[in-house]
*Asks:* 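My questions all concern the structure below.
In what follows, every chain begins at residue 1, and chains take the letters A, B, ... in the order their sequences are listed. Values below: every heavy atom of this structure, side chains too, minus hydrogens, waters and symmetry copies.
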Amino acid sequence: MVALVIILTVVVLLLTVLVAGLLRSHADILKALHELGVGVGDPVGDPAGGSNIGPVGGPNSDHHHDHSDGQIHRRTRERRHSTKSAPNSTPVPFTMGPQLPGERNATSAPTIAGVTPSGDALAIAVSGNDQLTLVAFLSSGCATCAGFWEAFQTPEHLGLPDGIRLVVVTKGPEMEIAGEVQAKAHSHLQVVMSTDAWGDYEVPGSPFFVLVDGKAGRRIGEGVANHFSQVAELVRRAQVDTQAFSLGSRSRAFAGGLDGPERESANDQELMAAGILPGDPSLYPASLDDIFPSNIDNLPADPSRARTTPLQDPQAAQRSAG
Amino acid sequence: MATLRAHGIEARLPDAFEGRIFIRPRVANEVPFPVAHFATFALPGQVADFGGGAVTLMGPNDVFAVLFEYGPESIGTRLFARQGMPRVLSVDDFRPNLLRRGLGGQSGTQWFFTESGRPFTFYAVLGSHVRRGALVPHVNSLLSNLSVNPQPLSVVPGASAWN
């Protein structure tokens with residue numbers, strides 16, 4: 001009888017150890033999935049998946065970046081709930097990653113320097129020129145990145161507007177296998193392996209896209225996307241916004257960094273050039289709808305309302321695109 | 001200040017400069033040696049050794065520069081007798097007729113020398129000869145931040161290094 005009890009006790013103990021081991025293994029797997037961005041039960045994620053386009057948006061979208069990148073994520077989540085996926089998109093339970101700290105510098109655009117997958121040195125100055133540069137922070141192992149690597153194999157089909165420079169940045173050779181990156185990269189694609197760049201741009205995870213206005217020398221958009229077509233469309237909008245701002249605006253208060261009375265005067269000139277004179281009703285909005293019309297397509301023909309076009313108002317443009 | 005470092009060449013890039021230090025893939029018996037390109041404009045993916053495909057993209061305020069290494073058979077020849085890289089160039093060193101490819105308005109300069117036991121040429125192009133007074137300091141800033149480490153050069157019999 002005693003022997004039977006002892007044997008049963010040993011069996012129970014063994015089973016306990018086995019169950020504990022399985023639970024530990026399960027926890028490790030869940031943790032790894034979370035780190036890969038495909039976590040289950042993310043409290044901020046949308047279990048239904050759907051499009052989660054980041055705000056690679058117009059030039060004014062950086063107002064949000066300047067204050068808090070947390071707003072980027074909140075806005076994106078809101079959009080995730082309010083938009084439908086593109087017909088050809090595959091829902092991916094990809095989370096946005098950790099909340100970005102509010103003190104994060106989301107406008108600086110330092111030169112990206114590192115090595116190429118073949119071991120050469122490469123530095124790309126994204127500031128100080130007249131073009132927009134789209135920086136794609138990718139990794140060779142992330143599942144979501146695979147679609148982007150594949151899309152980059154045929155650069156002519158990317159749908160990027162003319163004059164946009166595309167640069168892919170992976171982490172450095174100490175954290176990535178150069179051979180794998182080289183195998184994924186198209187020969188004409190500029191790929192820089194630089195862990196420092198990930199730090200400089202405070203990249204929260206991959207994939208992550210940054211759009212830099214070379215003339216202004218700063219980031220004008222950043223975020224994530226599931227498909228490159230989404231990025232290309234937002235880049236196109238940003239390019240139009242940038243051109244509209246630089247060409248259509250007689251005032252360069254924002255681009256020129258004017259402040260104080262000079263900025264006020266410049267803004268007044270810009271408003272008057274657009275036909276908005278002192279006392280114009282549009283200067284005294286009574287509700288948010290007056291500023292951001294809920295339906296751009298149904299804007300009245302009244303010229304005083306038509307002045308708020310999607311191009312001048314990136315937020316409204318994004319809303320209409322949703 | 002971004003730093004480029006490869007193949008025994010190091011460059012701390014002045015503001016607005018970008019660049020690459022690379023060795024072209026070997027073709028047949030050719031032995032390629034390191035080439036460094038520097039520019040104040042966006043370098044396209046494919047640029048010839050001395051700027052073909054890039055200099056046509058230059059604006060009047062741009063600078064393009066090449067540091068090109070030759071094979072070991074060049075060491076000790078008269079062309080490379082100068083010891084050390086030029087560090088300060090004057091506006092008079094740049095002339096429109098020194099361009100490898102004569103493009104209207106541009107000017108260039110070229111220097112052959114031996115640095116750290118390695119034979120090089122430095123070739124620079126200004127986007128506007130008229131504005132050389134403002135552009136040459138950028139070239140000098142780049143030169144002052146270039147360094148070459150001694151590196152044993154591989155000797156391949158029968159290979160030409162003049163590519």
*Asks:* Given that the side chain runs from C-beta out, which part of Ala42(B) has a heavy atom under 4.5 Å from chain A: side chain, backbone, both or neither?
*Replies:* both

*Asks:* Mind checking the CG-CD1 spacing from Leu122(A) to Ile21(B)? Nearest 0.5 Å is all I need.
*Replies:* 10.0 Å

*Asks:* Taking CE in Met1(B) as the centre, count heavy atoms belonging to other residues, nucleotides or ligands within less than 6.0 Å. Is the count above 12?
*Replies:* yes

*Asks:* Report yes if some heavy atom in the side chain of Asp120(A) is under 4.5 Å from a heavy atom in the side chain of His7(B); otherwise report no.
*Replies:* yes

*Asks:* Please report the closest heavy-atom contact between Ala125(A) and Ala16(B), naming both atoms and the distance.
*Replies:* CB-O, 4.1 Å

*Asks:* Could you check whether atom CZ of Arg78(B) has more than 12 heavy atoms from other residues, nucleotides or ligands sitting under 6.0 Å from it?
*Replies:* no

*Asks:* Pick one of side chain, backbone, both or neither for Phe17(B), based on which atoms fall under 4.5 Å of a heavy atom in chain A.
*Replies:* backbone

*Asks:* Counting only N and O atoms by type, is there a donor-acceptor contact under 3.5 Å from the side chain of Arg20(B) to the main-chain atoms of Val115(A)?
*Replies:* no

*Asks:* Are more than 12 heavy atoms, taken from residues, nucleotides or ligands other than Glu150(A), located less than 6.0 Å from that residue's CD atom?
*Replies:* no

*Asks:* Should we say atom CZ of Arg82(B) is surrounded by more than 12 heavy atoms from elsewhere, each under 6.0 Å from it?
*Replies:* yes

*Asks:* Within a reach of under 6.0 Å around CG of Asp15(B), are more than 12 heavy atoms found that belong to other residues, nucleotides or ligands?
*Replies:* no

*Asks:* Taking side chain as everything from C-beta outward and backbone as N, CA, C, O, which of these in Phe41(B) sits under 4.5 Å from a heavy atom of chain A? Side chain, backbone, both or neither.
*Replies:* neither

*Asks:* Distance-only, no hydrogens or angles: does the Glu18(B) side chain make a donor-acceptor pair with backbone N or O of Ile124(A) under 3.5 Å?
*Replies:* no

*Asks:* Report the option among Asn61(B), Ile23(B), Asp62(B), Thr3(B) that has the most heavy-atom pairs separated by less than 4.5 Å from atoms of chain A.
*Replies:* Ile23(B)

